[in-house]
Asker: 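Would you mind keeping the following structure in view while I ask a few things?
The residues of the chain are indexed from 1 along the displayed sequence.
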Amino acid sequence: MRFRAKIVDLACLNHFSRVINTIARLAKTCTLRLTVSKLYFILSDKVANGGVSMWCELCQGNFFDEFQMEGVAADHNEIYLELVPENLSRALKTAQSAKAVKIKLTNKHWPCLRVAVELPSLSSSSRFVTHDIPVGVIPRRLWNDFREPSVPDFDVSIYLPVLKTMKSVVERMKNLSNSIVIEANLSGEMNLKIETDLVSVTTHFKDLGNPPWASEDGCQSSAQGRDLESMAEARIDIKKLQQLLAGQQVNPTKALCSIVSKRIVHFILLHEDVSLQYFIPALA
């Protein structure tokens, strides 16, 4: 089992760093899955993290100048590691003006991801800052726990408003309630609502647009034949939604959410070479 990679391009390095920051804000620990062409950061929907799950996918070729890996076996050419993303995020913070960053899986006393940051120096010799990030190697028998979450048949799928706007709305509502209702329809309308004994507040968004496949015939979803005005809704933990919105260091080119009434809200944020899926279960 071997893995080593190198980033030289500063723009790629900063982009990678922003992605890791986002992950660190969404998950205390997560699984890093390495394949020949992709990296995945995975949080599976364990009860311990409130049933939230995350699936973030990066094409390694868009970030790394060198990328070599040998998986656990020839027929299973993958590596699964458990790590604390905040540790990786901290290591990359020292690399903002680096000449290069090398990442390597080592096993001196225990398995580590070694992040070696080459800093610019005035003399001819290079300066390196090295961080050893402890990781756990996940055995193959457990890999099935980390498959891509299946997307349930949604009732409504809709593009999200500008995330900054949505974030400021949710932050204000968070002071008033622990839960928030997201409702949307196939006419491009979405409402964010909170209701307590003392107050009810609703923010309306309209003309958001629905993705073309949201109401197509032959689309495997409960949206087929659905009344365009009729709202699908789910009540979710407001902190989990706020965490997702606050964590966005990467401004997505497309952001959408799909609602399975009273069951789950599925967010997808796409940014050229990164896709982030985030599932928040509905509260009873």
Asker: Can you confirm whether or not the ring centre of H266 sits under 6.0 Å from the ring centre of F154?
Answerer: no

Asker: Within the structure provided, determine whether V201 and L176 are in side-chain contact (heavy-atom separation under 4.5 Å).
Answerer: yes

Asker: Is there a path of hydrophobic side-chain contacts, each under 4.5 Å between heavy atoms of I/L/V/M/F/W/Y residues, joining M69 to M1?
Answerer: yes

Asker: Let me see the working for L32 and V135 under side-chain contact (heavy atoms from CB on, under 4.5 Å), right down to the final yes or no.
Answerer: CA-CA 10 Å; L32 168 59; V135 293; over 6 Å; no

Asker: Any non-hydrogen side-chain atom of I264 less than 4.5 Å from a side-chain atom of I280?
Answerer: no

Asker: Check whether any side-chain heavy atom of V19 sits under 4.5 Å from a side-chain heavy atom of H15, and report yes or no.
Answerer: yes

Asker: Could you tell me the separation between the CD1 atom of I180 and the CD1 atom of I238, rounded to the nearest 0.5 Å?
Answerer: 4.0 Å

Asker: For residues I182 and L241, determine if any side-chain heavy atom of one lies less than 4.5 Å from a side-chain heavy atom of the other.
Answerer: yes

Asker: Between V181 and L192, is a side-chain contact (heavy atoms from CB on, under 4.5 Å) present by the stated rule, with each step listed?
Answerer: CA-CA 6 Å; V181 172; L192 298 176; over 6 Å; no

Asker: Would I138 and T31 satisfy side-chain contact (heavy atoms from CB on, under 4.5 Å), going step by step from the backbone distance to the final call?
Answerer: CA-CA 9 Å; I138 296 172; T31 299; 3.6 Å; yes

Asker: Quick one: NZ on K167 to CZ on R172, what's the gap to the nearest 0.5 Å?
Answerer: 12.5 Å

Asker: Is any side-chain heavy atom of I79 less than 4.5 Å from a side-chain heavy atom of R33?
Answerer: no

Asker: Decide yes or no for S44 and S53: does some side-chain heavy atom of the first lie under 4.5 Å from some side-chain heavy atom of the second?
Answerer: no

Asker: Would you mind checking if R2 and E70 are paired as a salt bridge, meaning a charged N to carboxylate O distance below 4.0 Å?
Answerer: yes

Asker: Answer yes or no: is there a donor N or O on one side and an acceptor on the other, between the side chain of N185 and the main chain of M231, under 3.5 Å?
Answerer: no

Asker: Measuring from L26:CG to L244:CG, what's the distance to the nearest 0.5 Å?
Answerer: 6.0 Å

Asker: Once ring-ring contact (aromatic ring centres under 6.0 Å, His included) is applied, do any residues pair with F67, and if so which ones, sequence neighbours excluded?
Answerer: F3, F64

Asker: Atom CZ in R235, atom NZ in K262: separation rounded to 0.5 Å?
Answerer: 9.0 Å

Asker: So that I can tick it off, tell me whether E57 and K38 are bridged by a salt bridge, with the cut-off set at under 4.0 angstrom between side-chain N and carboxylate O.
Answerer: yes

Asker: Taking S275 for its side chain and L270 for its backbone only, find out whether a donor-acceptor pair lies under 3.5 Å.
Answerer: no

Asker: Are the side chain of T106 and the backbone of K108 linked by a donor-acceptor contact shorter than 3.5 Å?
Answerer: no

Asker: More than 12 heavy atoms of other residues, nucleotides or ligands under 6.0 Å from CG of D197: yes or no?
Answerer: no

Asker: Compare all side-chain heavy atoms of P161 with those of L208 and state whether any distance is below 4.5 angstrom.
Answerer: yes

Asker: If you take all heavy atoms of I194 and S179, which pair is closest and at what distance?
Answerer: CG2-O, 3.4 Å

Asker: Please check: side-chain N/O of N77 versus main-chain N/O of G71, any donor-acceptor pairing under 3.5 Å?
Answerer: yes

Asker: Would you check if there is a donor-acceptor pair between the side chains of S230 and R226 at a distance under 3.5 Å?
Answerer: yes

Asker: Could you report the tightest heavy-atom contact between P252 and L269, atom names first, then the distance?
Answerer: CB-CB, 4.1 Å

Asker: If you look at every heavy atom in I236 and A282, which pair is closest and at what distance?
Answerer: CG2-CA, 4.1 Å

Asker: Hey, what do you get for CG (L276) to CD1 (I23), rounding to the nearest 0.5 Å?
Answerer: 6.0 Å

Asker: Pair C56, L58 - check side-chain contact (heavy atoms from CB on, under 4.5 Å), show working.
Answerer: CA-CA 7 Å; C56 181; L58 290 70; 3.8 Å; yes

Asker: Among residues two or more places apart or on two chains, list those pairs meeting salt bridge (Lys or Arg N to Asp or Glu O under 4.0 Å) that have a residue in residues 121-146.
Answerer: R114-D132

Asker: Would a distance-only check, ignoring hydrogens and angles, find a side-chain to backbone donor-acceptor pair under 3.5 Å from S187 to E189?
Answerer: no

Asker: Sub-3.5 Å donor-acceptor pair from the side chain of N210 to the main-chain atoms of S157, do we have one?
Answerer: yes

Asker: Students often mix this up, so state it plainly: with edges at 30° and 60°, are the rings of W55 and Y40 parallel, tilted or perpendicular?
Answerer: tilted

Asker: Quick one about S89 and N21 (side-chain donor to acceptor, distance below 3.5 Å, no hydrogens or angles considered), yes or no?
Answerer: yes

Asker: Please report the closest heavy-atom contact between R147 and Y80, naming both atoms and the distance.
Answerer: NH1-OH, 3.2 Å

Asker: Check whether any side-chain N or O of D227 sits under 3.5 Å from a backbone N or O of L186 as a donor-acceptor pair, and report yes or no.
Answerer: no

Asker: Given E183 and K193, is the salt bridge (charged side-chain N to carboxylate O under 4.0 Å, His left out) satisfied, shown in steps?
Answerer: CA-CA 8 Å; E183 57 173 19; K193 300 197 298 194; 3.5 Å; yes

Asker: Look at the side-chain heavy atoms of Ile, Leu, Val, Met, Phe, Trp and Tyr, link any pair under 4.5 Å apart, and say whether L119 and L13 land in one connected group.
Answerer: yes

Asker: Please report the closest heavy-atom contact between P211 and L256, naming both atoms and the distance.
Answerer: CG-CD2, 4.4 Å

Asker: Test your reading of the model: is there a side-chain donor-acceptor pair from T22 to the backbone of G247, 3.5 Å cut-off?
Answerer: yes

Asker: Check whether any side-chain N or O of D273 sits under 3.5 Å from a backbone N or O of N62 as a donor-acceptor pair, and report yes or no.
Answerer: no

Asker: When you group the ILVMFWY residues by side-chain heavy-atom contacts below 4.5 Å and let the links chain together, are W143 and L83 in the same group?
Answerer: yes

Asker: Hey, any chance V162 and L245 share a hydrophobic cluster, counting ILVMFWY side chains that come within less than 4.5 Å of each other, even indirectly?
Answerer: no

Asker: Find out whether V52 and F279 are in side-chain contact, i.e. whether some heavy atom of one side chain is under 4.5 Å from a heavy atom of the other.
Answerer: no

Asker: As an exercise, state the distance from CG of N87 to CD1 of I133, rounded to the nearest 0.5 Å.
Answerer: 6.0 Å

Asker: Report whether L142 and L34 are members of the same hydrophobic cluster (ILVMFWY, side-chain heavy atoms less than 4.5 Å apart, transitive linking).
Answerer: yes

Asker: Which atoms form the tightest heavy-atom contact between C12 and F63, and what is the distance?
Answerer: CB-O, 3.5 Å

Asker: Looking only at atom types and distance, does a side-chain atom of Q60 sit under 3.5 Å from a main-chain N or O of V36, one as donor and one as acceptor?
Answerer: yes

